[in-house]
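Below is one structure, written out as structure tokens; comments come after it.
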Amino acid sequence: MTERTLKPGRVAVVGAGLAGLACAEALQASGATVTVFDKSRGPSGRMSTRRGDTWQCDHGAQYFTARDAAFRAEVGRWVAAGVAAPWQPRLAVFGPRPVPEASESTERFVGTPRMTSPAGFIAQGLNVQLQTTVTALVRQPAGWQLQTAEHGLLDTLFDAVMLAVPSPQAVPLLQEPAPELAALAAGARMRGSWALMLRYDAPVAVPFDAAFVNEGPLRWVARDSSKPGRPAGPGETWLLHAEAEWSEAHIEDTPEQAAEALLQAFGALGAPQPASWSAHRWRYADTAPPLGQEAVWQPALGLGLCGDWLGSGKVEGAWRSGRSLAALVSGAARPA
């Protein structure tokens with residue numbers, strides 16, 4: 001029996017969050033020619049950081065854990081490269097119910113000097129086309145073409161397309177070429193979340209750097225300035241995340257309405273009014289619950305799906321999903 005080798009293909013990955021970047025990196029390592037497309041101005045998805053002239057604040061994913069051996073090795077690579085570091089905040093829990101994630105023994109990591117840094121590190125080795133919004137997948141006899149809002153129909157033909165976007169954004173792309181995959185994506189219930197970034201002129205005198213809040217509109221608060229690698233200064237930046245079901249009920253509120261409720265709840269924890277604030281509405285923050293399969297690959301169509309809404313959620317789940325899809329694609333590729 002002769003050894004079979006995988007035939008490299010031309011692959012489009014739609015979405016430059018961690019799932020898409022992890023998938024693209026692994027596919028490229030296997031010999032594929034990969035192009036990543038994203039509608040944003042930079043890679044990272046929900047591992048996001050808002051930046052101003054004199055401040056910054058992580059307003060998406062707040063930290064990540066690394067329980068899977070492969071992901072622990074990846075985080076070790078990030079730490080060695082200086083784009084991630086452990087974070088050991090003083091933790092508090094407010095509310096009547098215990099919070100398993102609040103264990104002091106949990107090892108937490110953050111991107112350094114901002115949460116976007118690991119994604120930027122991976123993207124350096126990839127062909128990433130930013131500010132390119134994919135609006136349709138067009139099936140041609142020789143492969144796939146991408147219709148985009150900014151550049152129209154792209155000339156490049158792709159052997160396969162990997163969608164690494166939130167499920168509600170995947171559904172319209174899949175409805176015509178792959179209705180079964182569209183139905184699968186439509187079955188995921190993604191929830192929104194309000195995020196409020198607070199700027200203070202002086203340190204906030206509360207006895208915690210981060211807290212889980214399991215009553216009222218808040219779910220999580222964090223002294224962003226306590227994370228490693230953050231800018232030093234006389235003031236501080238804090239992040240407030242609203243509880244998912246509260247956010248869903250108030251997703252169409254104005255930023256001012258959402259901020260009023262969250263600031264009142266933060267004040268009840270002992271915090272003063274900030275000097276200024278900024279709000280961000282995440283329409284697709286998490287999935288309740290994820291669908292329980294890390295990735296989906298249909299070799300007959302040349303279409304794949306990955307993202308934290310499929311697997312176990314959170315940063316580690318997103319990375320694992322992207323790597324799982326790449327493994328499925330490589331294993332299903334035809335021999336040369």
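Atoms considered below: every heavy atom in the structure, side chains included; atoms not considered: hydrogens, waters and symmetry mates.
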Considering only heavy atoms from C-beta outward, does the side chain of Leu301 approach that of Glu180 to under 4.5 Å?
-> no
Evaluate the side-chain proximity of Val36 to Asn127: yes if any heavy-atom separation is below 4.5 Å, no if none is.
-> no
Do Leu91 and Leu239 sit in the same hydrophobic cluster, where Ile, Leu, Val, Met, Phe, Trp and Tyr count as joined when their side-chain heavy atoms come under 4.5 Å apart?
-> yes
Determine, stepwise, if the pair Phe121 / Arg77 fulfils side chain to side chain contact (heavy atoms under 4.5 Å, CB included).
-> CA-CA 10 Å; Phe121 174 68; Arg77 185 169 74 111; 3.7 Å; yes
Give a yes or no on whether the ring-centroid distance for Phe64 and Trp319 is below 6.0 angstrom.
-> no
One should read off an interatomic distance between Trp297 CH2 and Cys23 SG, to the nearest 0.5 angstrom, of 9.5 Å
Between Trp87 and Ser226, does a side-chain hydrogen bond (donor to acceptor under 3.5 Å, both in side chains) hold up when you go through it step by step?
-> CA-CA 8 Å; Trp87 179 43; Ser226 73; 3.2 Å; yes
Mind checking whether Gln145 and Leu157 have side chains closer than 4.5 Å, heavy atoms only?
-> yes
Taking Ser225 for the side chain and Thr237 for the main chain, is one N or O donor matched with an acceptor at less than 3.5 Å?
-> yes
NZ/NE/NH1/NH2 to OD/OE distance under 4.0 Å, Glu316 and Arg323 = no
Determine whether Thr148 and Thr133 make a side-chain contact, defined as any pair of heavy atoms from C-beta on separated by less than 4.5 Å.
-> no
Hydrophobic cluster membership, Leu137 vs Leu325, 4.5 Å side-chain cutoff = no
Nearest heavy atoms of Ala295 and Leu310, plus distance in Å = CA-CD1, 4.2 Å
Atom CD of Gln293 with >12 non-hydrogen neighbours under 6.0 angstrom | yes
Main-chain N/O of Ala326 paired to Ser330 side chain as donor or acceptor, under 3.5 Å = yes
Check for a donor-acceptor pair, side chain of Trp194 on one end and backbone N or O of His250 on the other, with a separation under 3.5 Å.
-> yes
Taking 4.0 angstrom as the limit, do Asp286 and Arg46 come out as a salt bridge?
-> no
For Gly125 against Gln28, the heavy-atom pair lying closest together = O-NE2, 2.8 Å
Is the shortest heavy-atom distance from the side chain of Leu27 to the side chain of Met162 under 4.5 Å?
-> yes
Flag the pair Glu248 and Arg191 as a salt bridge only when some basic side-chain nitrogen lies within less than 4.0 angstrom of an acidic carboxylate oxygen.
-> no
Under 3.5 Å side-chain donor-acceptor pair for Arg199 and Ser278 | yes
Between Ile122 and Trp78 the two heavy atoms that sit nearest each other are CD1-CZ2, 4.0 Å
Backbone of Val83 reached by a side-chain donor or acceptor of Ser117 within 3.5 Å = no
CD/Glu245: more than 12 non-hydrogen atoms of other groups inside 6.0 Å | yes
Flag for Thr116-Arg114: side-chain donor and acceptor within less than 3.5 Å | no
Can we call the ring centroids of Trp282 and His59 under 6.0 Å apart?
-> yes
Between the side chain of Asp159 and the main-chain N/O of Gly9, is any donor-acceptor distance below 3.5 Å?
-> no
Check the pair Leu305 / Leu184 against side chain to side chain contact (heavy atoms under 4.5 Å, CB included), numbers first and verdict last.
-> CA-CA 10 Å; Leu305 304 176; Leu184 173 71; 4.2 Å; yes
Between Asp58 and Arg230, does a side chain to side chain contact (heavy atoms under 4.5 Å, CB included) hold up when you go through it step by step?
-> CA-CA 10 Å; Asp58 299 332; Arg230 271 49 182 179; 2.6 Å; yes
Taking NZ, NE, NH1 and NH2 as the nitrogens, is one of them in Arg283 or Glu252 under 4.0 Å from a carboxylate oxygen of the other?
-> yes
Roughly how far, to the nearest 0.5 Å, is CG of Leu240 from CG of Leu198?
-> 4.5 Å
Is the closest side-chain heavy-atom distance between Lys227 and Tyr63 below 4.5 Å?
-> no
Flag if over 12 foreign heavy atoms under 6.0 Å of CD, Gln264 | no
Spell out, as yes or no, whether a donor-acceptor pair under 3.5 Å connects the side chain of Thr112 to the backbone of Gly82.
-> yes
Looking only at heavy atoms, what is the nearest atom pair of Trp238 and Val221, with distance?
-> CZ3-CG2, 4.4 Å
How long is the gap from CD on Glu74 to CZ on Arg320, to the nearest 0.5 Å?
-> 13.0 Å
Below 4.5 Å, heavy atoms only, C-beta onward: do Ser167 and Tyr284 meet side chain to side chain?
-> no
Determine, stepwise, if the pair Thr65 / Glu107 fulfils side chain to side chain contact (heavy atoms under 4.5 Å, CB included).
-> CA-CA 6 Å; Thr65 57; Glu107 189 176 22; over 6 Å; no
If you look at every heavy atom in Ala195 and His241, which pair is closest and at what distance?
-> CB-CD2, 3.6 Å
Starting at CD of Glu25, measure out to CG of Leu18 and round the result to the nearest 0.5 Å.
-> 9.5 Å
Show which side-chain atoms of residues 200-217 pair as donor or acceptor with protein atoms under 3.5 Å away, not counting sequence neighbours.
unit_1, atom_1, unit_2, atom_2, d
Tyr200, OH, Pro272, O, 2.8
Asp209, OD1, Arg90, NH2, 3.1
Asp209, OD1, Arg223, NE, 2.9
Asp209, OD2, Arg90, N, 3.1
Asp209, OD2, Arg90, NE, 3.2
Asn214, ND2, Arg97, O, 2.4

CD-SG distance between Glu236 and Cys57, expressed to the nearest 0.5 angstrom = 11.5 Å
Phe37 and its side-chain contact (heavy atoms from CB on, under 4.5 Å) partner, picked from Val13, Leu154, Val161, Val165 | Leu154
Identify whether Met190 and Trp220 are in the same connected component of the hydrophobic contact network (ILVMFWY, side-chain heavy atoms under 4.5 Å).
-> no
Across all chains, not counting sequence neighbours, the side-chain hydrogen bond (donor to acceptor under 3.5 Å, both in side chains) partners of Trp144 are none
Determine yes or no for a side-chain-to-main-chain donor-acceptor pair under 3.5 angstrom, with Arg72 supplying the side chain and Ala66 the backbone.
-> yes
Indicate the atoms forming the closest heavy-atom contact of Pro43 with Leu130, along with that distance.
-> N-CD2, 4.0 Å
Are Leu263 and Pro274 close enough that some pair of their side-chain heavy atoms sits under 4.5 Å apart?
-> yes
Glu150 bridged to Lys39 by N-O distance under 4.0 Å | no
Please answer: with hydrophobic residues joined when any side-chain heavy atoms are less than 4.5 Å apart, are Leu291 and Val315 in the same cluster?
-> no
Look at the side-chain heavy atoms of Ile, Leu, Val, Met, Phe, Trp and Tyr, link any pair under 4.5 Å apart, and say whether Leu21 and Leu328 land in one connected group.
-> yes
To the nearest 0.5 Å, how far apart are NE2 in His280 and OG in Ser48?
-> 6.5 Å
